[in-house]
Participant: 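Have a look at this one before I ask anything.
No hydrogens, no waters, no symmetry mates; every other heavy atom, side chains included, goes into these values. Letters A, B, ... mirror the listed sequences (proteins, then strands); counts begin at 1. Worth saying up front: this structure is predicted, and the values here are computed from it rather than measured.
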Amino acid sequence: MTGPLHGTPALGDEFVKGLWRDNPVFVQVLGMCPALAVSNTARNALAMGLATSFVLILSNAVISSLRHVIPKQVRIATYILVIATFVTVVDYAIQAVSLDLHKALGAFISLIVVNCLILGRAEAFASKHGIGRSLLDGLGMGAGFTVALFSLGAVREILGSGTLFGIQVFHADFQPWIVMILPSGGFFTLAAWLLVFNAVTARRARAAEPLEAPR
Amino acid sequence: MTAPARTLEIRTSPHMVSGYSVDTIMFNVVVALLPVTAFAVYAFGLAALLVLSTATVTCLLTERVACRLSGRASSLGDWSVAITGLLYGLTLPPGLPLWMVVVGGVVAVALGKALFGGLGCNPFNPALVGRAFLQAAFPVAMTTWSPAFTSDRFTALGSSTLTLPFTRPLYDAVTSATPLALWKFERQASEVGELALGFIGGSTGETSALLILVGGAYLVARNMMSWQIPVAIFAAVAAFSGALHGLDPETYASPTFMLFSGGLMLGAVFMATDMVGSPMTSGACLLYGAGIGMLVVVIRVWGGMPEGVMYAILLANACTIHLDRWIRPRVYGATAQEAPR
């Protein structure tokens, strides 16, 4: 909550809002393409989440520091330029760290550039607030995105191959649910998590409602 | 003494009362399915009985739980879930492990029906949603067919039926291929008489075409099923596959083979005519049926799988809302130019 009526929010709130209240995947429903495409194993999901967070945090910081310098008419193009720089850095970094992780993530690393989450936070937040707040916002959103992706990836990998991070979780005779590794499984898992998320949010909202006075 | 006040209900014409409610119609569909079910148990024995009863009970329980969780009154009394369970069970291979039947049943009712809002709100046929999920999740188990009319079918269960939950099933040495798979992968034709009467392998309910047609005829006679849909499906399948067969008899199967093999009969008569998933007007029903027929032949001939009825019906269900918007029922008293008076 910002604005003259509520005052500027606390610094901690900028970080925490990305985890639950404004979670990028479950509330804002942004960045669905990497969320569904590379979450077939927990390792890929975690890697994609961390890569996106890295780009988000640094691009937020840079754009926030340049916010008074960038002209309004070319701001989107400039933001994309900044974001693309960091995506290139991440791309080479992943290649250096693990070549088969790079192959597994494939084209989706480059697609981080067009992830609506990063451009959205740049436009909606980093261009209007100071560097400190933008950094916290990036950290919170990145953390929320990574947690969401990891939850998708973990469920899909456990049910779809019986492993977690490559370690066999079930006994050897486990019948894997092939559908979970397929794209349709991604949609089913996302829907299931959204159901859980919304049920919890609705229950909290009901509990927090003040009781109506009888007329 | 004054007479008690009465409410006078005024409704405009036309007045038509058919006397049929949802549960009457659904009950009659169950009755129409009984010959098919009986034949399924007769052909595949104890395993089929277990699969069918597990499927039905799972669907009933899931519906009960879903109604309770969503705060709706229990809708078990309208028999629609019984049909879903029975139809879902009839599309499964008879030797399928029971834990997979349970998983599919839960998905069918929870995902295919309850999440969308219950009876009348689901865009897709719930039984087919369950089967499609199982097909994607356990492709090997869903395409392993047991032979029909084995001598020990009433006394012994196959080794796969009672596998522990979440465990890979082990199959007996004897498994048979369906006529469709035989044609697609080995170009081996089957006798039409055998196909129609049901002395072949396949999923639990699809084998006896004759009994399915008898059940369908009963429903049409009682005016509880729109005959346009199965007729359109059969006509489209016959026409399209006939044209292909005429062009190249060696590569393309004959129309009678296409009509009587696989799940086409069961799908056309009982699944495609599901009142929620099919269009409202007869013109739209004809188009819907024709679309399903074309898709079935396309998938069977050029698709990767030997059987395409399930996906054809699901795809056509997705088009139903557009068909209903395009072909609207005629409003009584309205002509094409004037608005209704």
Side-chain angles (χ1 to χ4, degrees), chain A residues 25-27 29 32 36-42 151-164 166-207 209 212, chain B residues 65-66 68-71 93 95-117 122-124 128-144 159-171 304-305 310-311 314-315 318:
Chain A
V25 173
F26 296 133
V27 177
V29 198
M32 285 293 106
L36 290 169
V38 294
S39 58
N40 44 9
T41 63
S151 55
L152 280 175
V155 169
R156 286 179 75 184
E157 191 183 354
I158 290 177
L159 277 179
S161 8
T163 63
L164 188 62
I167 309 168
Q168 192 81 17
V169 171
F170 294 114
H171 55 89
D173 281 332
F174 176 73
Q175 168 74 52
W177 299 27
I178 315 281
V179 70
M180 285 298 165
I181 310 183
L182 299 174
S184 35
F187 282 98
F188 285 136
T189 318
L190 178 65
W193 275 119
L194 271 171
L195 189 66
V196 168
F197 190 92
N198 287 331
V200 172
T201 314
R203 186 173 299 177
R204 271 202 197 168
R206 267 200 304 273
E209 249 172 34
E212 290 232 335
Chain B
V65 170
R68 186 169 296 175
L69 279 178
S70 59
L96 195 69
L98 292 180
W99 74 264
M100 290 187 187
V101 177
V102 170
V103 166
V106 170
V107 168
V109 175
L111 182 62
K113 198 170 159 195
L115 271 180
F116 285 105
N122 47 302
F124 300 107
L128 288 179
V129 168
R131 190 189 197 274
F133 183 83
L134 280 188
Q135 181 86 39
F138 313 117
V140 175
M142 286 293 284
T143 47
T144 314
S159 55
S160 56
T161 308
L162 290 176
T163 26
L164 293 168
F166 303 109
T167 321
R168 241 179 272 261
L170 295 161
Y171 288 97
M305 317 195 59
M310 165 176 68
Y311 297 116
L314 283 173
L315 282 168

Participant: Tell me the closest heavy-atom pair linking A:Ile178 and B:Pro139, and the distance in Å.
Facilitator: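 Distance-wise, the nearest heavy atoms are CG1-CD, 3.6 Å.
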Participant: Identify which part of B:Val107 has an atom lying under 4.5 Å from any heavy atom of chain A, answering side chain, backbone, both or neither.
Facilitator: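 Neither part; nothing is under 4.5 Å.
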Participant: What part of B:Leu164 gets closer than 4.5 Å to chain A, counting heavy atoms only: side chain, backbone, both or neither?
Facilitator: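 Neither part.
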Participant: For B:Pro169 and A:Gln175, work out which heavy atoms get closest and say how close.
Facilitator: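 Heavy atoms only, the tightest pair is CD-OE1, 3.3 Å.
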Participant: Are the side chains of B:Thr163 and A:Asp173 in touch, meaning some heavy atoms are under 4.5 Å apart?
Facilitator: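 A side-chain contact under 4.5 Å is absent here.
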Participant: Which one, A:Gly185, A:Ala191, A:Pro176, leads in non-hydrogen pairs under 4.5 Å with chain B?
Facilitator: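 Option with the greatest count: A:Pro176.
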Participant: Take atom CH2 of A:Trp193 as the centre, draw a 6.0 Å sphere, and report whether it contains more than 12 heavy atoms from other residues, nucleotides or ligands.
Facilitator: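 No, CH2 of A:Trp193 has 12 or fewer neighbouring heavy atoms, counting only those of other groups under 6.0 Å.
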Participant: B:Phe133 vs A:Phe188 aromatic rings, parallel, tilted or perpendicular, using cut-offs 30° and 60°?
Facilitator: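 Perpendicular, since the angle between the ring planes exceeds 60°.
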Participant: Tell me, side chain or backbone of A:Ile181 under 4.5 Å from chain B's heavy atoms, or both, or neither?
Facilitator: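 Neither part.
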Participant: For B:Leu170, is it the side chain, the backbone, both or neither that has a heavy atom under 4.5 Å from a heavy atom of chain A?
Facilitator: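 Interface part for B:Leu170: neither.
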Participant: Report the relative orientation of the aromatic rings in B:Phe138 and A:Trp177; use parallel for angles under 30°, tilted for 30 to 60°, perpendicular for over 60°.
Facilitator: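 Geometry flag for A:Trp177 against B:Phe138: perpendicular rings.
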